Amino acid sequence: MTKEALALLQEASAETAHDLQICGVSKQYGTVPVLDTIDLQVKAGEFIAIMGPSGCGKTTLLRILAGLESMTAGEIWFQGKDITHLPVHQRHTPMVWQSFALFPHLNVEQNIAFGLTLRAHRKPEVQQKVREVVAMLHLDPLLKRRISQLSGGQKQRVAIARALITEPKVLLLDEPMSALDPHLRVRMQGELKRLQQSLGISFIYVTHNQNEAFSMADRVVVMNQGRIEQVGTPADIYSRPATHFIAEFVGNNNLFDGEVIALDQNRVTVHCPQGTLRSNWHDRCPQLGDRVTIVVPADRVSLDSPDHPNENKITATLRGLEFMGSQMIYFLETDTGYEVRVIRQETLDHSSAISINSRLQLGWRTQDTVLLGERIESGHNHGQ
Amino acid sequence: MVSKQLSLSTAPAPVRRLPQETSFLKYLCLAPAVIYDSVFFLLPLIFLVWIGFWSVENYRAVPGFSLANYLDIFSQFFERSRYAFAIAQSLWVAFSTTALGIFLCYPFAMALVFLVPERLQRLLLVLSITPFWTSYILRLYAWQTILNNNGLLNRLLMQLNWTKAPLQIMFTQWGTRLGLLHYLAPIIILILYLVLRNTDRTLLGAARNLGATQWQTFWRVILPLSKSGIVYSAIFGLIITLGDVLSGTILGGGTGQSILGKFPLFSSMILNEYSASTNLPRTSALATLLIGIMIVILAAGFKLARSER
């Protein structure tokens with residue numbers, strides 16, 4: 001995209017002003033591509049989660065935004081200014097690091113004030129700012145502590161306070177929860193979301209954890225192998241995965257590959273090794289003979305009575321169980337050797353217990369399925 | 001089956017013994033170090049301090065306990081032998097040389113850590129330490145041939161017409177410092193390299209990300225984080241330079257003109273006193289004083305290094 005076109009675009013979309021525009025950003029280490037033409041627009045005040053497996057390039061993208069890493073091609077615009085070639089310290093895109101990266105030789109107060117004291121400043125103003133941020137993050141009693149005396153959760157608050165004190169328009173977060181213990185993680189998710197909403201600034205949050213991404217983000221960006229696979233609201237991504245990868249990566253989905261044998265209105269019939277299954281199509285009408293994949297969420301499959309009026313039915317053998325508190329994951333194997341997962345709410349007395357190796361009839365409704373249109377490479381391992 | 005497992009789990013757990021801390025093996029492994037240090041360091045040191053309390057009768061050292069040596073030394077602190085001035089001279093040379101050494105070696109160590117690619121770092125480090133493996137005395141005599149009035153340096157300078165008369169470096173305090181610096185540099189570089197290498201790189205990124213220029217990152221993050229390395233190199237530098245006689249004698253000419261006046265280094269003074277008087281108890285007492293100064297520096301250094309944590 002040329003700069004002129006971008007400028008026009010900016011004028012046109014003054015209403016929904018984009019804080020951050022990432023245009024065709026690519027990066028290569030030697031001949032190894034790490035990022036492949038990434039395009040992404042972040043609106044002002046939007047909470048974006050970038051999600052993907054490790055090595056997908058999500059952290060590299062974040063570091064490129066911060067100017068900590070160079071890129072091979074592309075442009076980054078921030079509030080109508082081209083910051084592609086702006087050095088790190090002039091970008092004003094503070095980051096919350098995975099390891100928190102707090103300065104061990106400074107105490108909490110000095111760490112928080114660090115960004116302000118780098119420029120010409122007056123002490124009372126700095127102190128005032130520190131007081132504001134500290135109050136916002138409930139750090140008052142810790143101001144004089146050394147970093148080594150803080151717990152993981154406290155360190156994270158200090159890291160956030162340090163990043164926010166210069167009043168940035170965008171905050172970059174690089175897996176900030178991964179060093180926290182699980183119950184604290186859940187609490188911080190809510191707190192972080194509230195913080196973002198009250199500040200009204202954009203958060204770009206990198207994570208490999210789907211719960212974090214889905215619970216906080218306005219929009220989720222799913223990346224794989226240096227590319228964006230899908231951008232959408234958490235609900236979109238969960239219920240309408242765009243690609244094979246996302247259907248497998250997001251949640252407990254069962255994937256059935258097969259060939260289209262019949263079409264009517266908005267419904268397709270697919271011949272799969274597991275049986276003949278039906279699904280709805282939404283965006284793109286498939287052709288007869290197309291190879292497609294039907295996605296069936298594990299929590300939509302029922303294994304109750306055989307006479308239940310479900311439109312799709314297959315038989316499978318129960319091979320294992322995983323107890324998850326209120327839920328139970330059933331691992332089943334079809335006659336053709338595919339693994340199928342079923343998630344079911346458990347009764348407290350376990351009266352509905354099913355013994356291993358019993359053959360079961362599985363069923364689900366057609367409207368609970370999603371059709372993936374993409375072509376499936378042969379030998380692709382699915383249903384995991 | 002289930003009941004069986006339950007009964008098993010309710011049975012009292014066997015009392016587990018902690019592995020014995022005071023094992024024979026531990027002492028065995030420590031023994032060589034302890035024995036070596038005691039025989040070759042601690043015993044001679046105690047002996048030296050002890051001799052300081054002996055006295056001399058008929059030109060022979062006689063064991064005993066007398067403070068006469070110390071009383072005599074302190075009475076001459078500011079007059080006649082003027083030990084205080086020699087100590088001050090030694091401290092001046094030691095502190096200025098060590099400071100200069102750290103000032104010169106720090107950028108080198110930093111370049112080694114942050115600019116040199118990983119695979120070349122070790123090679124360059126080994127190269128920068130190699131002077132350490134040649135004889136100190138040989139190195140000093142080599143410097144003599146370079147720094148002499150007719151030496152390599154002066155001939156070059158005069159040939160290039162940069163100076164009319166030869167530059168007087170030999171037999172000045174700068175000569176002493178040069179010899180000492182050559183001795184200290186590998187040690188300081190090694191210490192600073194190790195400390196700087198341990199710097200958490202994400203902290204540098206974090207500082208830059210928060211708006212610090214490279215210069216600010218150095219002053220506000222790299223330098224403070226390497227404080228322990230600076231303190232440790234200072235301890236090594238001070239103790240080595242305080243105890244050194246050779247550089248002061250061979251390059252500095254024994255007495256050095258300085259801003260304090262023409263006083264010898266305390267270490268050379270001790271050596272000269274011994275060769276002139278062969279009064280071993282009295283010289284030992286002087287040496288004990290020097291050791292006392294070093295211990296004070298060591299203690300201050302460790303306290304400083306610890307307070308930075």
Side-chain angles (χ1 to χ4, degrees), chain A residues 59-60 62-70 86-107 110-121 133 146-149 155 158-168 170-176 179, chain B residues 1-3 5-6 9 102 106 109-110 113-115 117-120 191-234 301-309:
Chain A
T59 296
T60 307
L62 200 73
R63 290 175 61 86
I64 286 176
L65 292 183
L68 289 159
E69 227 160 297
S70 63
L86 208 61
V88 205
H89 63 282
Q90 290 171 12
R91 289 216 179 181
H92 202 32
T93 49
M95 185 153 143
V96 177
W97 303 65
Q98 186 171 8
S99 61
F100 307 132
L102 298 172
F103 303 117
H105 59 293
L106 305 176
N107 67 20
Q110 291 163 328
N111 261 284
I112 294 174
F114 189 85
L116 285 182
T117 56
L118 292 171
R119 312 178 225 151
H121 62 278
V133 197
R146 298 205 72 83
I147 297 306
S148 54
Q149 297 169 319
K155 278 184 191 164
V158 176
I160 295 170
R162 184 180 68 173
L164 288 178
I165 198 159
T166 50
E167 297 179 0
V170 60
L171 185 67
L172 310 177
L173 301 105
D174 182 18
E175 308 215 15
Chain B
M1 186 67 197
V2 171
S3 65
Q5 272 179 340
L6 270 177
S9 67
I102 293 171
Y106 198 99
M110 218 169 91
V113 172
F114 294 109
L115 298 181
E118 189 80 16
R119 63 204 153 76
L120 281 178
I191 295 174
L192 290 177
Y193 171 81
L194 291 175
V195 170
L196 284 170
R197 220 187 119 86
N198 274 334
T199 315
D200 183 355
R201 301 279 175 118
T202 54
L203 294 179
L204 311 188
R208 300 279 282 136
N209 176 249
L210 289 165
T213 60
Q214 285 182 318
W215 195 238
Q216 282 174 320
T217 307
F218 170 73
W219 281 110
R220 309 264 314 248
V221 182
I222 298 177
L223 194 63
L225 283 178
S226 65
K227 225 170 218 168
S228 64
I230 295 174
V231 171
Y232 287 131
S233 0
F302 279 129
K303 197 167 159 53
L304 201 65
R306 192 155 304 167
S307 72
E308 299 309 331
R309 292 276 157 83

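Note on naming: letters A, B, ... go to the chains in the order of the sequence lines (proteins, then strands), and numbering restarts at 1 for each one. Bear in mind the structure is a predicted one, so any value in this text is a computation, not a measurement. What you see below is based on every heavy atom in this structure, not just the backbone, and it leaves out hydrogens, waters and symmetry mates.
Neither the backbone nor the side chain of A/Arg63 comes within less than 4.5 Å of any heavy atom of chain B. The contact between A/Thr117 and chain B is made by backbone and side chain atoms together, counting heavy-atom distances below 4.5 Å. Only the backbone of A/Leu102 comes within contact range of chain B, with at least one heavy atom under 4.5 Å from a heavy atom of that chain.
Atom CD of A/Gln149 is surrounded by more than 12 heavy atoms from other residues, nucleotides or ligands within 6.0 Å. By the 6.0 Å contact criterion, CZ on B/Arg119 is open, its count of non-hydrogen atoms from other residues, nucleotides or ligands being 12 or less.
A donor-acceptor pair is defined here as one N or O able to donate and one able to accept, closer than 3.5 Å; such a pair exists between the side chain of A/His105 and the backbone of B/Arg220. B/Asn209 contributes a side-chain N or O that, together with a main-chain N or O of A/Thr93, makes up a donor-acceptor pair within less than 3.5 Å.
Shown here for B/Leu225 and A/Pro104, the closest heavy-atom pair between the two residues is CD2-CG, 3.6 Å. Pairing each heavy atom of B/Ala212 with each of A/Phe114, the nearest pair is CB-CE2, 4.5 Å.
Distance check, rounded to the nearest 0.5 Å: CD of A/Gln90 to OG1 of B/Thr213 gives 10.0 Å.
Highest contact tally toward chain B, considering only A/Val88, A/Leu118, A/Leu106, A/Ile165, is held by A/Leu118 [criterion: heavy-atom pairs under 4.5 Å]. Of the residues considered (B/Leu203, B/Thr202, B/Asp200), B/Leu203 shows the highest number of contacts with chain A, using heavy-atom pairs under 4.5 Å.
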